[in-house]
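Note: hydrogens, waters and symmetry copies are ignored here, and every other heavy atom, side chains too, is used.
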Amino acid sequence: MGRIKKIAVGLCTSVICSLILAVADAVLMLEFNLKESALVIVIGITYFLSCFLGGFVSGRMSDSKKYIGGLCCGVMYFTVLVLISALIPGRSEMDVMRAVGCMVICILGGCVGGMAST
């Protein structure tokens, strides 16, 4: 299987994991009445775990340089997040610091997942 297909499988895994964790986040919000500061941390953990799992799957399928597959998976996941955010009406401006933080979390999660897959 080609490297692009391996990254695509990792990205799909990340998105599915993200959807499952989003439901869990919603339950946490309803049950514990979380404040926005706690919610930002929970969302960051969700991004990291999703990219970690996608990087792990992508790295597991690769023969060498597994961290590169994880890194690409994290970058693609962040790209999907940015594209989805751009499509939401009323969100024309993006906070640069949050975007950079999100990008670092996604890339780091993917890389760590790829390295853990050895």
**Prompt:** Is there a path of hydrophobic side-chain contacts, each under 4.5 Å between heavy atoms of I, L, V, M, F, W or Y residues, that connects Leu81 with Leu11?
**Reply:** yes
Interatomic distance, CE@Met115 vs OH@Tyr67, rounded to 0.5 Å, equals 9.0 Å
d(Leu30 CG, Asp25 CG) to nearest 0.5 Å is 11.0 Å
To the nearest 0.5 Å, atom CD1 of Ile68 lies from atom NZ of Lys6 at 13.5 Å
Looking only at heavy atoms, the pair that brings Gly69 and Ile7 closest together is O-CG1, 4.2 Å
Partner of Leu71 under side-chain contact (heavy atoms from CB on, under 4.5 Å), picked from Cys51, Ser58, Cys106, Cys111, is Cys111
In this structure, CE of Met61 is separated from CZ of Phe56 (nearest 0.5 Å) by 12.5 Å
### Message
Hydrophobic clustering (ILVMFWY, side-chain heavy atoms < 4.5 Å, transitive) - are Ile43 and Phe48 grouped together?
### Response
yes
Shortest non-hydrogen pair, Gly54 vs Cys73, comes out as C-SG, 3.6 Å
Within one Ile-Leu-Val-Met-Phe-Trp-Tyr cluster: Ile107 and Val82, side-chain cutoff 4.5 Å: yes
Distance col, row Asn33:CG vs Leu28:CG, nearest 0.5 angstrom, shows 12.0 Å
To the nearest 0.5 Å, atom CG of Leu21 lies from atom CG of Leu53 at 9.0 Å
- Would a hydrophobic clustering, with Ile, Leu, Val, Met, Phe, Trp and Tyr connected at side-chain separations under 4.5 Å, put Tyr77 with Ile84? yes
Heavy-atom closest pair (Ser117 atom, Lys66 atom, distance to 0.1 Å) is OG-CD, 3.5 Å
Is there a side-chain contact between Ile45 and Leu49 (heavy atoms, below 4.5 Å)? yes
Are Ile105 and Ile20 connected, step by step, through hydrophobic side chains (Ile, Leu, Val, Met, Phe, Trp, Tyr) whose heavy atoms are closer than 4.5 Å? no
Inset, instruction - Answer yes or no: does atom CD1 of Ile4 have more than 12 heavy-atom neighbours from other residues, nucleotides or ligands under 6.0 Å? - result: no
*Determine whether the side chains of Ser18 and Tyr47 contain a donor N or O and an acceptor N or O closer than 3.5 Å.*
no
